[in-house]
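Presented below is the structure to which this report refers.
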Amino acid sequence: MVETLSIAVIGAPGVGKTSIIRQFIYNDFSEVYTPTRTRYVYRPSVILNGNMYDLKILDVPPISSFPSSSNQEWLDLRCRGVRNANAYILVYDICCVESFEYVKMIRQQIMEHREGSSSEVPILVVGSKRDLQRQRFTPRRAVSVLVKKTWKCGYVECSAKFNWHVVLLFKELLGIAVGRGMKQNHTPGIRLQGALQRNRCTVM
């Protein structure tokens, strides 16, 4: 029986959510910015410790707030499946302080409104566009300390353009998610299958 892990990817407009996902799955990057207007679902497969997992990656369009109830979630098509995701990737642009404030807001709302034990749900904060780091709004260490020490979340910076740390961020998140799911205190070793079995990746 192949287990499915649902991952919601959330961020402000233009932070590079879709670019990160597409680089991870298809090894593809486009210079052309196309706003995410509807919710997309990607379904790659990965192998962790010899076990296969099907991922359900939700590319969530910019939302004004995390759905506070199941009713609100189902009334807004963009939010379908967000409240009961197994893990969250919150993406911000390291050159845009407003996009970090958005992540800060969404993370707080996840803690307040999430179904079940919000303290256990894995959240990875991702600083996107690392290739533009000379334009960053604050030193990396300042953000990393806040996210890891205060928020108790994982933190990774990446560049979808140069495919830098894109696989790493999914390794980080999946290690935490599967580790917690198994009630273990260590992060299991992970092996990702190429572009993750491209024939099993479909956009719905």
Side-chain angles (χ1 to χ4, degrees), residues 3-18 20-21 24 35-43 53-94 96-128 137-138 142-158 169-170 172-185 187 204:
E3 186 176 347
T4 298
L5 294 174
S6 175
I7 302 169
V9 185
I10 304 173
V15 296
K17 293 184 292 85
T18 304
I20 290 170
I21 296 170
F24 176 59
T36 303
R37 303 193 187 283
T38 58
R39 171 181 161 280
Y40 275 76
V41 179
Y42 298 83
R43 294 183 179 272
Y53 294 86
D54 288 338
L55 303 185
K56 180 181 179 183
I57 302 177
L58 308 176
D59 186 358
V60 183
I63 52 179
S64 58
S65 62
F66 187 84
S68 59
S69 65
S70 297
N71 190 43
Q72 183 185 343
E73 176 183 26
W74 285 97
L75 285 174
D76 188 344
L77 291 174
R78 298 171 300 172
C79 296
R80 296 279 172 91
V82 167
R83 278 174 59 81
N84 60 356
N86 298 113
Y88 297 91
I89 295 176
L90 306 184
V91 184
Y92 79 98
D93 177 348
I94 66 169
C96 177
V97 67
E98 290 82 8
S99 68
F100 184 73
E101 290 299 321
Y102 176 85
V103 160
K104 186 177 179 181
M105 174 192 76
I106 292 293
R107 179 254 168 199
Q108 184 60 40
Q109 292 176 353
I110 290 173
M111 303 304 288
E112 293 171 359
H113 302 308
R114 157 94 189 178
E115 289 183 333
S117 177
S118 60
S119 62
E120 286 298 312
V121 64
I123 298 176
L124 183 69
V125 176
V126 173
S128 180
F137 62 83
T138 193
V143 180
S144 178
V145 169
L146 171 67
V147 171
K148 290 180 177 179
K149 304 287 188 188
T150 306
W151 296 1
K152 308 297 183 189
C153 298
Y155 183 71
V156 174
E157 290 191 354
C158 75
L169 75 89
F170 281 94
E172 286 274 330
L173 186 71
L174 292 170
I176 298 168
V178 174
R180 288 185 183 178
M182 295 175 175
K183 304 299 182 191
Q184 294 174 345
N185 295 321
T187 301
M204 295 176 67

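Looking at Asn86, its side chain does come within 3.5 Å of a backbone N or O of Ser6 through a donor-acceptor pair. A donor-acceptor pair is defined here as one N or O able to donate and one able to accept, closer than 3.5 Å; no such pair exists between the side chain of Arg43 and the backbone of Ile57.
By the side chain to side chain contact (heavy atoms under 4.5 Å, CB included) test, Ser99 pairs with Ala12, Val15, Tyr92, Asp93, Cys96, sequence neighbours left out. For Thr4, there are no side chain to side chain donor-acceptor pair (under 3.5 Å) partners two or more places apart in sequence or in a different chain. Contacts of Val145 classified as side chain to side chain contact (heavy atoms under 4.5 Å, CB included), with partners at least two apart in sequence or in another chain: Arg141, Lys149. Pro62 meets the side chain to side chain contact (heavy atoms under 4.5 Å, CB included) test with Pro13; sequence neighbours excluded.
Summarising the geometry, atom CG belonging to Leu169 is positioned 9.5 Å from atom OG belonging to Ser128; distances are rounded to the nearest 0.5 Å. Note that SG of Cys79 is 10.5 Å distant from CG of Leu58, once rounded to the nearest 0.5 Å. Residue Ile89 holds its CD1 atom at 12.5 Å from SG of Cys153, rounded to the nearest 0.5 Å. Expressed to the nearest 0.5 Å, how far NZ of Lys56 lies from CD1 of Ile7 amounts to 12.0 Å. Rounding to the nearest 0.5 angstrom, the gap separating the CG atom in Leu173 from the CG atom in Leu5 is 9.0 Å.
Here the closest non-hydrogen pair linking Arg83 and Glu73 is N-OE2, 3.1 Å. Nearest heavy-atom pair across Gly154 and Val147 is O-CG1, 3.5 Å. Leu77 and Arg39 make their closest contact through O-CD, 3.6 Å (heavy atoms, listed as atom of the first residue, atom of the second, distance). The shortest heavy-atom contact between Arg78 and Asp76 is NH2-OD2, 2.8 Å.
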For a quick test of your reading: what N or O donor-acceptor pairs under 3.5 Å do the side chains of residues 102-110 make, sequence neighbours left out?
residue: Tyr102; atom: OH; partner: Ile63; partner atom: N; Å: 3.3
residue: Tyr102; atom: OH; partner: Ile63; partner atom: O; Å: 2.7
residue: Arg107; atom: NH2; partner: Trp151; partner atom: O; Å: 3.2
residue: Gln108; atom: NE2; partner: Glu112; partner atom: OE2; Å: 3.1
residue: Gln109; atom: OE1; partner: Phe66; partner atom: N; Å: 2.7

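Side chains of Phe170 and Ile20 form a contact here, defined as non-hydrogen atoms less than 4.5 Å apart. Residues Phe100 and Leu146 form a side-chain contact, since some pair of their non-hydrogen atoms from C-beta on lies under 4.5 Å apart.
With His113 as the fixed residue, the side-chain contact (heavy atoms from CB on, under 4.5 Å) test singles out one of Pro67, Ser65, Ser68: Ser68.
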Evaluate the side-chain contact (heavy atoms from CB on, under 4.5 Å) criterion for residues Ile94 and Val143: first the C-alpha distance (whole Å), next the side-chain angles of each, then the deciding distance (0.1 Å), finally the verdict.
CA-CA 10 Å; Ile94 66 169; Val143 180; over 6 Å; no
Evaluation steps, side-chain contact (heavy atoms from CB on, under 4.5 Å), between Val97 and Thr138
CA-CA 8 Å; Val97 67; Thr138 193; over 6 Å; no
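Sorted by first and then second residue, the salt bridge (charged side-chain N to carboxylate O under 4.0 Å, His left out) pairs involving residues 4-17 (not counting sequence neighbours) are Lys17-Asp59.
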